[in-house]
Amino acid sequence: MAQVIFETIIRGQSHYHKISHFPATIGRAFDNDIILSEPSVSAYHLEIDQDDKGYVLRNISEENGTFLDEKQMEMQATPINLPVALNLGDLKARVLSHKTAVEPTRIKSQSKGFFRLLSNPFWVASLFVVTLCFIFLDRYQSTPLEKDLLFYLNLMLPTLFIMLGITLVIGGISRLSTHRWEILSALGIASLFFLVPLVLDYLGHFFDYLFTSNTPSNIFSNIAHFLVLPALLMFYMVRVHLTPILPALGAAILVSSPISAYHLNDQIDQLSTYSGFSPLPPYNQTLSSFDIRAADSLSLEDYFNNADHTLEEQVDNMLKEEREEND
């Protein structure tokens, strides 16, 4: 039965080797008990032995040496108390007891409800198609003059390429961290990256016109810029990489912080610009069949009557002020 476990950490992944007899040698040579492929490890690098008091390590490398708890080892035997951390050249390792407790098993989320968006090919394909439809609608609505179909498809191509690029990047990160491609889940997340902000943008526009205020769009814009990306990244890490919630949240905030900082800087620039000018309210700049207001719109007759009344009042006030100045 193994008394000692030798753990190597390569690209964030742990690999374990059982040591059941002593002394045991570690290195790149094929006659070692544990064979490592790291180029910075010597052919015969380390020896693990057992005596009456416990376990001892002996550095047998003359090239890059061995570091025990960040201190370089000499050639003589060194007693150890398990667990200990080692560096064999550039390779990180640990020597553990076979009784070391393992972490609890992470239970995979079942493919039910919203989780199907990332695990079921039908739902991922549906999400991708819905996202493309929303992008097409956005390009159609933002074009002042009606064009033919090829024009709108051409406008969609850059966004489509960016979406596929994000899919490959996320899939590549999954390949490096989990050693498997997660293209299906990556495509679902990339689709949500574009779909959720578009939906929030249309909701903000709708409520802006409904309440005759640009406050709703500001709220939805802040949600899209500062909450959506971290939330989707955390969801992806928990769902696909089985990362615990708190570490996933920390990593999501760290990865999305440059984009959040960019949007924050953009908002500060807008506020500084607005302080010197009087811009038109955003809710007055567009009008479509989807615009619905909570208050009844004025008829043209009422609008002109109110304008005439306001103009008469302003003229009377100006004439009154001139008479007072002349007197």
Side-chain angles (χ1 to χ4, degrees), residues 1-106 169-170 172-182 233 237-238 240-255 257-258:
M1 181 177 181
Q3 300 295 315
V4 171
I5 304 297
F6 185 75
E7 175 192 25
T8 58
I9 304 172
I10 303 174
R11 293 193 294 273
Q13 295 292 320
S14 295
H15 304 272
Y16 299 95
H17 309 270
K18 295 180 180 180
I19 300 178
S20 55
H21 67 276
F22 300 94
T25 58
I26 301 171
R28 286 188 298 110
F30 293 152
D31 57 348
N32 284 291
D33 297 288
I34 297 177
I35 303 171
L36 304 175
S37 60
E38 168 60 40
S40 62
V41 173
S42 300
Y44 301 95
H45 201 110
L46 184 68
E47 183 180 86
I48 301 178
D49 204 354
Q50 186 178 31
D51 58 18
D52 297 337
K53 297 180 180 180
Y55 300 99
V56 295
L57 296 180
R58 183 178 294 106
N59 172 52
I60 53 178
S61 169
E62 296 181 354
E63 290 89 2
N64 296 319
T66 303
F67 288 79
L68 173 63
D69 293 329
E70 299 183 355
K71 295 181 180 179
Q72 188 166 11
M73 295 180 60
E74 302 296 337
M75 290 295 183
Q76 66 269 21
T78 303
I80 59 172
N81 294 318
L82 303 181
V84 293
L86 301 172
N87 283 84
L88 285 67
D90 292 331
L91 181 69
K92 293 183 178 181
R94 290 194 303 168
V95 181
L96 309 171
S97 169
H98 71 286
K99 297 181 180 179
T100 301
V102 298
E103 294 183 358
T105 303
R106 297 175 188 172
V169 170
I170 296 176
I173 294 174
S174 297
R175 179 67 178 85
L176 292 175
S177 59
T178 64
H179 299 282
R180 64 179 184 271
W181 289 99
E182 295 288 352
L233 288 175
M237 295 177 67
V238 172
V240 178
H241 293 183
L242 303 179
T243 306
I245 293 179
L246 289 180
L249 176 60
I253 293 175
L254 181 64
V255 171
S257 57

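The shown structure was predicted, so the numbers you read here are calculated from the model rather than taken from an experiment.
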Any side-chain heavy atom of [X] sitting closer than 4.5 Å to one from [Y]?
{"X": "L36", "Y": "L91", "value": "yes"}
{"X": "L96", "Y": "F6", "value": "no"}
{"X": "T66", "Y": "L57", "value": "no"}
{"X": "T8", "Y": "K92", "value": "no"}
{"X": "K18", "Y": "I5", "value": "yes"}
{"X": "M73", "Y": "T78", "value": "yes"}

### Task
For E62, look at atom CD and say whether over 12 heavy atoms of other residues, nucleotides or ligands are found less than 6.0 Å away.
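Not more than 12 within 6.0 Å, no.
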### Message
If you count every heavy atom of other residues, nucleotides or ligands that lies below 6.0 Å from E63 atom CD, does the total exceed 12?
### Response
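More than 12 within 6.0 Å, yes.
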Please give me the minimum heavy-atom distance between [X] and [Y], naming the atom from each residue.
{"X": "I19", "Y": "A24", "value": "CG2-CB, 3.6 Å"}
{"X": "P79", "Y": "V56", "value": "CA-CG1, 3.8 Å"}
{"X": "G65", "Y": "S61", "value": "N-OG, 3.3 Å"}
{"X": "M75", "Y": "R58", "value": "O-CG, 3.2 Å"}
{"X": "V95", "Y": "I80", "value": "CG1-CD1, 4.4 Å"}
{"X": "E7", "Y": "S14", "value": "OE2-OG, 2.8 Å"}

Is it the case that the side chain of [X] and the backbone of [Y] share a donor-acceptor pair, with hydrogens and angles ignored and the cut-off at 3.5 Å?
{"X": "S97", "Y": "K99", "result": "yes"}
{"X": "N32", "Y": "A43", "result": "yes"}
{"X": "R28", "Y": "V41", "result": "yes"}
{"X": "D51", "Y": "G54", "result": "yes"}

### Stepwise side chain to side chain contact (heavy atoms under 4.5 Å, CB included) test for Q72 and N59
CA-CA 9 Å; Q72 188 166 11; N59 172 52; over 6 Å; no
### Task
Mind checking the CD1-CD1 spacing from I48 to I34? Nearest 0.5 Å is all I need.
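That separation rounds to 6.0 Å.
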### Query
To the nearest 0.5 Å, what is the distance between CG (N87) and CZ (R94)?
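It comes to 12.5 Å.
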Report yes or no: do [X] and [Y] form a side-chain donor-acceptor pair below 3.5 Å?
{"X": "N64", "Y": "S40", "result": "no"}
{"X": "H17", "Y": "D33", "result": "no"}
{"X": "T25", "Y": "E47", "result": "no"}
{"X": "N81", "Y": "Y55", "result": "no"}

### Task
Decide yes or no on side chain to side chain contact (heavy atoms under 4.5 Å, CB included) for Y44 and I26, but give the supporting numbers first.
CA-CA 6 Å; Y44 301 95; I26 301 171; over 6 Å; no
